[in-house]
Protein chains: 2
Amino acid sequence: MARTTTMKRIAGQLGVSITTVSKVLNNRDDIGDATRARVLAKVAELGYQPNAVARSLTLRRTHTLGIVVPDLMHSFFVEIVAGVEAVASARGYGLLLCCSNEDPKKERADLDLLRQRQVDGVVLGSANASGNTDMLKDLSGHGVGLVMIDRDDHPDVRCDRVVTDDLEVGRLATAHLVEQGRRALAHIAGPAIVHARRRADGYREALAAAGIRAHTEWIARGGFMEADGYRAMKRLLGVKPRIDGVFAANDPAAIGAMKAIWEARLRVPEDIAVVGAGDIALGDLLRVPLTTVSWSREEQGRRAGELILDRIETEGASKFRRVIVPPHLVARRSSGAVA
Amino acid sequence: MARTTTMKRIAGQLGVSITTVSKVLNNRDDIGDATRARVLAKVAELGYQPNAVARSLTLRRTHTLGIVVPDLMHSFFVEIVAGVEAVASARGYGLLLCCSNEDPKKERADLDLLRQRQVDGVVLGSANASGNTDMLKDLSGHGVGLVMIDRDDHPDVRCDRVVTDDLEVGRLATAHLVEQGRRALAHIAGPAIVHARRRADGYREALAAAGIRAHTEWIARGGFMEADGYRAMKRLLGVKPRIDGVFAANDPAAIGAMKAIWEARLRVPEDIAVVGAGDIALGDLLRVPLTTVSWSREEQGRRAGELILDRIETEGASKFRRVIVPPHLVARRSSGAVA
DNA sequence: TCAAGTTACTTTAGCGATAAAGTTTGAGCG
DNA sequence: CGCTCAAACTTTATCGCTAAAGTAACTTGA
């Protein structure tokens, strides 16, 4: 293994002090042109690369961000990661990736790892509420920038947030079904987290706005998994008079719902129109392409990255911000909007 | 921002030397039980967390791996990342993620970033050959572990490799079509890289093994993009007597091919059976679920992580290994194998 | 009883860099 | 001609931690 080139070596070969080399590389103005040139030449000759670890130790800045997501198999989170990576890399930051597998214990270990590695900031991808409030407070208390994406738990952790307008998600989906002429509109609700509740609220608001009286049996408790949507839809199929449109709290649930509908020998969208939320990758390649309400995860990631880097790179602590990424409808076949 | 707890602080409060604290935390046996207990108590009281940056500087080991992939929107690479993350994290390593966007310049910048951050090892995800051989040699020359996944370029870079058996991919796909009773078997070739060539070789071998004489016009120059497959299929549709089966070099190309077939008012698989390669996520949710030859990317990632960590954590330099991940057929509707 | 070990620590040095506080040299000036 | 000052460097201290080399106090053994 070849010896690495350090400032010491450069300084040694030139007979100058290490500090002189450091100053040249940091563009200080108290070094003469001749010396500067000699140092630069040596740097090029030896292919010197600064040791970021040493630099981090003195500067107390690692130029590294951490990101914790619950799952990498879901395109959702990957797109967020991609967004963060793009801005981090463009600004010269590294990105330490952690995948918590939806496990609070692992999330805790991940946050620990990031903390020990002295990252300058942490992006926390959406996950179910977990008991790691203490860690988060600790992190942000120690000057580590923190951004939470799509999370409204940990209300007392002071940090920036990038969230979706879930109320609007529910409203857009439901209003779209109304526009398609559907009137018996069911909702497959998600799990007991704010996102899902807000989407349900949006559903109710849109119904009210359209002057439709919501039947209580139109709302089926479901979940975010395909199986949840399937089971919920089975139950909704028993409701009389028959449902003619469903808004599922997310896309996997909507896919489950479609499977249940087909099993009952009904057609999508002719008999029942389906709308999901979240726009999973390849959602447009399904047997019946799925209409969904979407928002850019990549933008969420980018905004998160920007929030955090701005906070890190500007001195005085500014107010914590909350960026709302607006959703939009992606009309496809399952709602009858597209032939 | 609260003061961070360092060994110095602990030592100070207890009136012992910093080294004593260090020794306790590193489980050295030349510290008395009483002192050990006092230190441990203080560590717990102050919630001390070691500073990995300082540790890395002295130990010359960052306990961090880097991974460079060309694209995060392709599930392919994400799964590899997930595999590497899993083993890295399980063994206490962090993972620095870089996405080169298929751009050799960015790849170079990424490798630079990883090098400066002194990562212990680098996993290089598949990408087109690029001119960064010098960087790679440099890295591995400086004792950084290097694993290349699915890359056979840079033949003179000495490192571990995890590859797929592309020849077998081509053979499996083609033999499967033969088993389905197809005889006029076209191949949509990929771009001019070894993987694609080997898959084409496998196609030829399987035809020969089945005693089928391959017509030259059965092989259409294509690519790895959906549009490539679409265009290639358009051309293949003009071949007489009509093709009754196609093996596309990868799944996106196969999807493009199916679109072209449908546009020609033909059916998949009744008129033309289609087989892809790579098993993209959700491939089973397509209008006509796609038969494909697949292999576990997650396993590729895991194996890569293991190779690299083993190399890092064992002293003497062992021989460079080459791990071959075997492919297997995933039979779905597009080849007529499943109803 | 005293040299030779142990035991349980402490001191010193160094990882590779930066920042703050010197030091030397020559110029400018009254 | 001596004094001040700026320019161009160097020295010293430090970041937080570990490894190697001390060093006291206490055993041990012949």
Side-chain angles (χ1 to χ4, degrees), chain A residues 1-40 42-43 46-64 92 115-120 142-144, chain B residues 1-40 42-43 46-64 115-120 142-143:
Chain A
M1 151 167 47
R3 270 178 64 66
T4 21
T5 304
T6 64
M7 287 191 168
K8 194 181 191 174
R9 225 142 87 81
I10 292 181
Q13 296 201 15
L14 293 175
V16 300
S17 76
I18 298 177
T19 305
T20 300
V21 177
S22 167
K23 285 185 170 175
V24 169
L25 293 172
N26 289 292
N27 273 315
R28 306 281 151 171
D29 55 6
D30 61 345
I31 298 293
D33 292 341
T35 310
R36 181 177 301 271
R38 284 203 315 142
V39 170
L40 257 17
K42 207 52 159 181
V43 162
L46 301 183
Y48 168 79
Q49 297 270 126
N51 180 322
V53 174
R55 217 147 181 286
S56 300
L57 185 59
T58 26
L59 297 180
R60 275 95 168 287
R61 291 276 300 287
T62 50
H63 282 265
T64 301
R115 200 247 251 243
Q116 292 190 180
R117 280 190 178 51
Q118 311 283 118
V119 294
D120 297 334
H142 281 274
V144 176
Chain B
M1 150 166 47
R3 268 180 66 67
T4 22
T5 304
T6 64
M7 287 190 167
K8 192 182 191 174
R9 227 143 85 82
I10 293 181
Q13 295 200 15
L14 293 176
V16 299
S17 75
I18 297 177
T19 306
T20 301
V21 178
S22 167
K23 286 186 169 175
V24 169
L25 294 172
N26 290 293
N27 274 313
R28 307 281 148 169
D29 55 7
D30 61 344
I31 297 292
D33 291 343
T35 311
R36 182 177 299 271
R38 285 204 313 142
V39 170
L40 256 17
K42 207 47 154 184
V43 161
L46 300 184
Y48 168 79
Q49 296 271 126
N51 180 324
V53 173
R55 219 148 178 286
S56 301
L57 187 58
T58 23
L59 297 180
R60 275 93 163 279
R61 291 276 300 287
T62 50
H63 282 263
T64 300
R115 199 247 252 243
Q116 296 194 358
R117 277 182 179 59
Q118 313 283 120
V119 294
D120 297 334
H142 281 273

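Every chain is numbered from 1, with letters handed out A, B, ... down the list of sequences.
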Legend entry - Secondary structure string for DNA chain D (Watson-Crick or G-U under 3.5 angstrom, | for other-strand pairs): ||||||||||||||||||||||||||||||
Inset, instruction - Name the residue closer to the 5' end of DNA chain C, choosing between Thr20(B) and Asp30(A) according to the nucleotide with the nearest heavy atom. - result: Thr20(B)
Legend entry - Atom-to-atom span, CZ of Arg60(B) to C1' of dT18(D) - whole angstrom: 12 Å
Inset, instruction - Using a heavy-atom cut-off of under 4.0 Å over every strand shown, decide if Val16(B) touches base, sugar-phosphate, or nothing. - result: sugar-phosphate
Inset, instruction - Measure distances between side-chain N and O atoms of Lys23(A) and base N and O atoms of dT10(D), and say whether any donor-acceptor pair falls under 3.5 Å. - result: yes
Inset, instruction - Describe the nucleic acid contact of Leu59(B) in one word from base, sugar-phosphate, nothing, applying a heavy-atom distance below 4.0 Å. - result: sugar-phosphate
Legend entry - Donor-acceptor contact present, side-chain Arg117(B) to main-chain His63(A), <3.5 Å: yes
Legend entry - Distance-only donor-acceptor check, side chains Thr19(A) and Ser22(A), under 3.5 Å: no
Inset, instruction - Could you tell me from which nucleotide to which nucleotide of DNA chain C, 5' to 3', there is an atom under 4.0 Å from chain B heavy atoms? - result: dA8(C) to dG16(C)
Inset, instruction - Starting from C1' on dT14(D), measure out to NZ on Lys8(B) and report it in whole angstrom. - result: 8 Å
Inset, instruction - Mind checking Arg28(A) for me? I need base, sugar-phosphate or nothing, with any heavy atom below 4.0 Å counting as a touch. - result: sugar-phosphate
Inset, instruction - Classify the nucleic acid contact of Ile31(B) as base, sugar-phosphate or nothing, counting any heavy atom under 4.0 Å across all strands shown. - result: sugar-phosphate
Legend entry - From dG16(D), dC9(D), dT18(D), nucleotide with atom closest to Ile18(B) side chain: dT18(D)
Inset, instruction - List in numerical order all residues of residues 46-55 of chain B for which some heavy atom is under 4.0 Å away from an atom belonging to DNA chain D. - result: Tyr48(B), Pro50(B), Asn51(B), Ala54(B), Arg55(B)
Inset, instruction - Remember a base hit wins even if backbone is also touched, and classify Ser56(A) as base, sugar-phosphate or nothing at under 4.0 Å, heavy atoms. - result: nothing
Inset, instruction - Would you classify Thr6(B) as touching base, sugar-phosphate or nothing, given that sugar-phosphate means primed atoms plus P, OP1 and OP2, and contacts are heavy atoms under 4.0 Å? - result: sugar-phosphate
Inset, instruction - Search all heavy atoms of Ile10(B) against all heavy atoms of Leu46(B) and return the closest pair with its distance. - result: CG1-CD1, 4.1 Å
Inset, instruction - Give a yes or no on whether the backbone of Gln118(B) and the side-chain of Thr62(B) come within a donor-acceptor separation of less than 3.5 Å. - result: yes
Legend entry - Distance-only donor-acceptor test (3.5 Å): side chain Thr19(B), base dT18(D): no
